[in-house]
Every structure is written in C-alpha cells, then in structure tokens.
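A short write-up of the structure that comes next.
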Amino acid sequence: MITVVTRFAPSPTGRLHLGHAFSALMAFRFAEAHGGRFLLRIEDIDTGRCRPEFVDGIFEDLVWLGLAWEAPVRRQSEHMADYAAALARLQAAGVAYPCFCTRADIAAAATAPHGMQALYPGTCRALDAQTRAGRMAEPHAWRLDVHRAAAIAGPLSWHDAAEREIAATPEAEGDVVLARKDAGTSYHLSVTVDDALQGVTDIVRGEDLFSATHIHRLLQALLGLPTPRYHHHPLLTGPDGKRLAKRDRAETLAELRARGVPPEVIKHQLGFA
C-alpha cells in the first residue's frame with residue numbers, strides 16, 4: 001500500500017486564523033487516521049509580502065495546536081531551480097509564452113460578467129515571433145497557452161473525495177501565469193512541482209482552490225507528474241457570512257491565545273474534539 005502523505009502549505013504574509021487552523025487540522029488528522037505522514041511547506045515566493053516573523057508565527061501557532069511535522073520544512077524560496085526547470089520544459093513544449101502586459105493593460109483589455117474574475121484576454125499570445133524576440137529585454141511574465149496545452153494533454157480528470165471523478169476543464173481558467181515578473185514562478189507552477197517532489201498523495205485544502213485544480217491537473221499531465229487525490233473542504237465564515245481572510249483582519253490564533261483561549265477550545269469549536 002502507498003503511504004498517505006498530506007501537507008499544510010501556508011504563505012507567510014500574516015498570522016494564521018481559524019480557517020488556517022481548520023485546514024491544517026484536517027490535513028494532519030487525515031494523515032494520522034491513515035497511518036501516514038504530515039508535511040509543512042512554507043510558500044514564500046511572494047518576497048514583497050512574506051516576512052520571517054510570519055514564518056516563526058506559523059511554527060508557533062501549529063505547535064500550540066498540537067501539530068507535529070517532518071523536518072526539514074520545504075521553503076519555496078530555496079527551490080527556485082526546481083520551478084525554473086519545470087518552466088523550461090513547458091517552454092520547450094511550446095505551451096508557455098512571454099507576457100509583457102502590465103496590470104493596467106490587462107484591466108483595460110479584459111472583460112467579465114459582473115461578480116466574476118476577468119480572464120486574461122490573450123494579448124501577448126497573439127504576438128508574432130519577431131515582436132516577442134524584440135521585447136524580451138523588457139520585464140515579462142510567462143503564461144500558459146491553456147488551449148494549446150489542453151489539446152496536447154487530451155481529456156483529463158482527477159479524484160475528488162466529495163464529488164468523485166471530476167473532468168478537468170482548465171480552459172475555463174484562461175492563460176494563467178506560470179512565472180511572475182518579480183518571482184520567476186507562480187503559485188500554480190510551484191505548488192504542482194512541490195506536491196510531486198514531496199510525494200504528496202492527498203491534498204487537503206479549502207474549496208476556494210477547487211477551480212485551481214483544473215490547472216494543476218493539466219500541469220501534472222504536461223510535466224509527467226503523478227496526480228494526488230483531492231479533498232476540498234468547506235471554508236469557515238465569520239458572523240457576517242464572509243469567509244475568514246487575512247485581508248479582512250480575521251482574528252488570529254495569536255490573538256485568541258493572548259485572550260487566554262486554550263487550544264482544546266479551538267479544536268472543539270472546529271470539530272476536532
């Protein structure tokens with residue numbers, strides 16, 4: 001039998017809140033129930049927002065909750081060569097193209113129905129080879145030519161615990177960024193590579209990332225990587241009905257701890273008594 005391996009992979013852009021605790025406990029308990037392994041990964045490619053003190057805070061909060069993980073902890077910022085190699089493979093396959101657009105360019109060109117995120121309109125995908133070559137000295141990102149990539153990969157699916165077999169429709173996500181101008185990689189590329197290199201068998205994460213799985217499944221196929229099983233759990237919400245988020249200043253675990261709330265109360269509140 002294959003040993004179950006789960007992971008919790010926060011970004012150190014702020015302190016953890018109850019939503020993070022729920023996801024971490026879900027992944028930890030799943031591994032524990034199956035006699036498996038639990039990993040912690042620090043997703044710190046956003047150098048502009050990530051802080052060392054938030055990394056320390058993640059460790060502090062998880063230990064307080066009673067979680068233990070294997071060492072060493074993988075930090076994405078220390079493995080940029082892995083992502084560069086994966087990007088080079090996608091470039092060689094002809095499914096990645098440079099994008100010179102600014103945020104303002106994209107906002108001006110993209111349209112979407114009210115309440116929906118606009119997809120990248122494909123501006124730079126249409127550039128001819130000569131124009132691209134002449135602009136490569138400019139700052140640029142790399143995007144996935146999703147329609148071409150999907151045509152190469154063919155029909156794909158993944159196993160999701162809640163909905164069984166899911167047909168992948170990555171075209172609905174548009175030409176996502178594979179490598180940011182400032183980072184040399186992106187969330188989509190890094191997480192796909194990391195999960196494969198770390199042997200993750202079961203990805204336990206919030207349902208807000210369900211749509212991203214369509215892209216991750218495509219990248220797995222293009223890079224010849226294994227496909228984990230997915231477990232997308234519901235998101236915790238606050239009194240206002242909105243999901244807990246750092247940007248909305250959701251109460252952090254550190255703040256709860258400072259108020260004298262014991263971890264046992266937190267785990268009981270989250271259904272992990």
Side-chain angles (χ1 to χ4, degrees), residues 9 11 41-50 74-103 105-107 109-110 117-129 131-133 135-154 156 158 168-198 200 203 205 208-228:
S11 296
R41 182 167 72 229
I42 302 298
E43 300 197 340
D44 58 349
I45 61 172
D46 189 345
T47 56
R49 298 173 59 218
C50 295
R74 182 177 175 93
R75 301 191 186 205
Q76 289 183 333
S77 60
E78 299 173 351
H79 298 276
M80 299 303 289
D82 292 333
Y83 315 134
L87 177 62
R89 288 188 60 183
L90 297 173
Q91 292 167 337
V95 296
Y97 63 89
C99 176
F100 308 95
C101 295
T102 65
R103 291 180 184 272
D105 293 334
I106 296 171
Q117 182 177 357
L119 300 182
Y120 178 68
T123 306
C124 289
R125 184 179 61 240
L127 296 178
D128 60 69
T131 301
R132 285 181 181 174
R135 298 187 64 181
M136 291 303 290
E138 299 177 25
H140 60 275
W142 285 87
R143 288 185 178 271
L144 178 67
D145 186 335
V146 68
H147 286 279
R148 184 170 185 178
I152 292 173
L156 299 170
W158 79 83
T169 55
E171 298 91 338
E173 303 304 308
D175 289 1
V176 298
V177 171
L178 295 171
R180 293 167 30 172
K181 294 178 182 180
D182 62 339
T185 187
S186 68
Y187 165 73
H188 292 300
L189 184 61
S190 299
V191 73
T192 302
V193 170
D194 286 340
D195 287 331
L197 290 179
Q198 293 191 284
V200 175
I203 296 178
R205 63 188 184 189
D208 57 323
L209 292 171
F210 183 90
S211 61
T213 311
H214 293 276
I215 293 294
H216 301 170
R217 180 66 190 92
L218 176 57
L219 291 176
Q220 289 158 5
L222 295 169
L223 295 169
L225 304 177
T227 301

What distance separates R89 CZ from L223 CG, expressed to the nearest 0.5 Å?
5.5 Å
Tightest non-hydrogen contact, residues C99 and Y120, listed as SG-OH, 3.3 Å
To the nearest 0.5 Å, tell me how far R125 CZ sits from H147 NE2.
6.5 Å
Heavy-atom closest pair (A212 atom, H188 atom, distance to 0.1 Å) is CB-CE1, 3.9 Å
Side-chain touch L90/L219, heavy atoms, less than 4.5 angstrom
yes
Give the minimum heavy-atom separation between I215 and G174, together with the two atoms involved.
CD1-O, 4.3 Å
Expected output: side-chain D175 to main-chain V146 donor-acceptor under 3.5 Å:
yes
Taking the side chain from D44 and the backbone from S77, do they hold a donor-acceptor pair closer than 3.5 Å?
yes
Quick one: pull up OG1 in T213 and CD1 in I203 and give me the separation to the nearest 0.5 Å.
7.5 Å
State whether the side chain of R132 and the backbone N or O of P98 hold a donor-acceptor pair below 3.5 Å, judged by distance alone.
no
Pick one: which of T192, L197, V191 meets side chain to side chain contact (heavy atoms under 4.5 Å, CB included) with D195?
V191
Atom pair CG (L225) and NE2 (H216), whose distance is rounded to the nearest 0.5 Å
12.0 Å
Can a side-chain donor-acceptor contact be found between R74 and Q198 if the only test is distance below 3.5 angstrom?
no
Measure centre to centre between the rings of H140 and Y97, then say whether the value is under 6.0 Å.
no
Identify the two heavy atoms, one from A149 and one from V95, that lie closest to each other, and give their separation to 0.1 Å.
CA-CG1, 3.8 Å
Approximate separation, where rounding is to 0.5 Å, of R143 CZ and C101 SG
7.0 Å
Can any side-chain N or O of S186 pair as donor or acceptor with the backbone N or O of R180 at less than 3.5 Å?
no
Could you tell me which non-hydrogen atom of A183 sits nearest to which non-hydrogen atom of M80, and how far apart they are?
O-CE, 2.8 Å
List the atom of A141, the atom of K181, and the distance in Å for their closest heavy-atom pair.
N-CG, 3.5 Å
To the nearest 0.5 Å, atom CD1 of I42 lies from atom CD1 of I45 at 13.0 Å
S211/E173 under side-chain contact (heavy atoms from CB on, under 4.5 Å): CA gap, chis, key distance, verdict:
CA-CA 8 Å; S211 61; E173 303 304 308; 3.7 Å; yes
Candidate pair L144 and L218, rule side-chain contact (heavy atoms from CB on, under 4.5 Å), full reasoning:
CA-CA 10 Å; L144 178 67; L218 176 57; 3.9 Å; yes
Heavy atoms, side chains only, cut-off 4.5 Å: are F100 and M136 in contact?
yes
Classify the side-chain pair Y187/D46 by whether it contains a donor and acceptor separated by less than 3.5 Å.
no
Compare all side-chain heavy atoms of F210 with those of R205 and state whether any distance is below 4.5 angstrom.
no
